[in-house]
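The structure under discussion is supplied below as structure tokens; questions concerning it will follow.
As a basis for the values below, the full set of heavy atoms in this structure was taken, side chains included, without hydrogen atoms, waters or symmetry mates. Counting starts at 1 for both ligands and their atoms, in listed order.
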Amino acid sequence: MRTVRYGVSVRKDLDLIKEMRSKKYKCPRCKRLSIRRASSGIWICKKCGLKIADNAYSLSVSSIR
Ligand SMILES: [Zn+2]
């Protein structure tokens with residue numbers, strides 16, 4: 001199995017992950033755009049303190065409904 005192209009796709013994924021990690025998400029409780037990634041899989045709202053356990057790198061919309 002050849003893995004020459006693998007490095008490129010990984011780098012792309014890392015960029016995407018970095019972007020998703022730094023992105024802010026809307027809080028389902030206080031409706032403010034203040035949810036940030038606290039640690040892997042943990043998302044916290046800076047305004048009301050709501051804690052959400054979700055994906056490591058992104059917050060899925062379905063989980064906050
Ligand atoms: Zn909140």
Considering the Zn ion (ligand 1), could you give the total of protein N/O/S atoms lying closer than 2.8 Å?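 Near the Zn ion (ligand 1), the number of protein N, O or S atoms below 2.8 Å is 4.
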Please report the shortest heavy-atom distance between Asn55 and Trp43, naming the atom on each side.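 Where Asn55 meets Trp43 most closely, the heavy atoms are O-NE1, 2.9 Å.
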Minimum side-chain heavy-atom gap Leu50-Pro28 below 4.5 Å: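 Result yes, sub-4.5 Å side-chain heavy-atom pair found.
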Using side-chain contact (heavy atoms from CB on, under 4.5 Å) as the criterion, list what pairs up with Lys51, not counting sequence neighbours.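 In terms of side-chain contact (heavy atoms from CB on, under 4.5 Å), with neighbours along the sequence ignored, Lys51 is linked to Ile42, Ile44.
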Do you know which two heavy atoms are closest between Lys31 and Lys26, and how far apart they sit?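 Between these two residues, the closest heavy atoms are O-CE, 3.6 Å.
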Specify the closest pair of heavy atoms between Ser34 and Lys47, including all atoms of both residues, with the distance to one decimal.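 In this case the closest contact between Ser34 and Lys47 is OG-CG, 3.3 Å.
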Shortest non-hydrogen contact from Ile35 toward Cys27: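 Scanning both residues, the minimum pair turns out to be CD1-CA, 3.5 Å.
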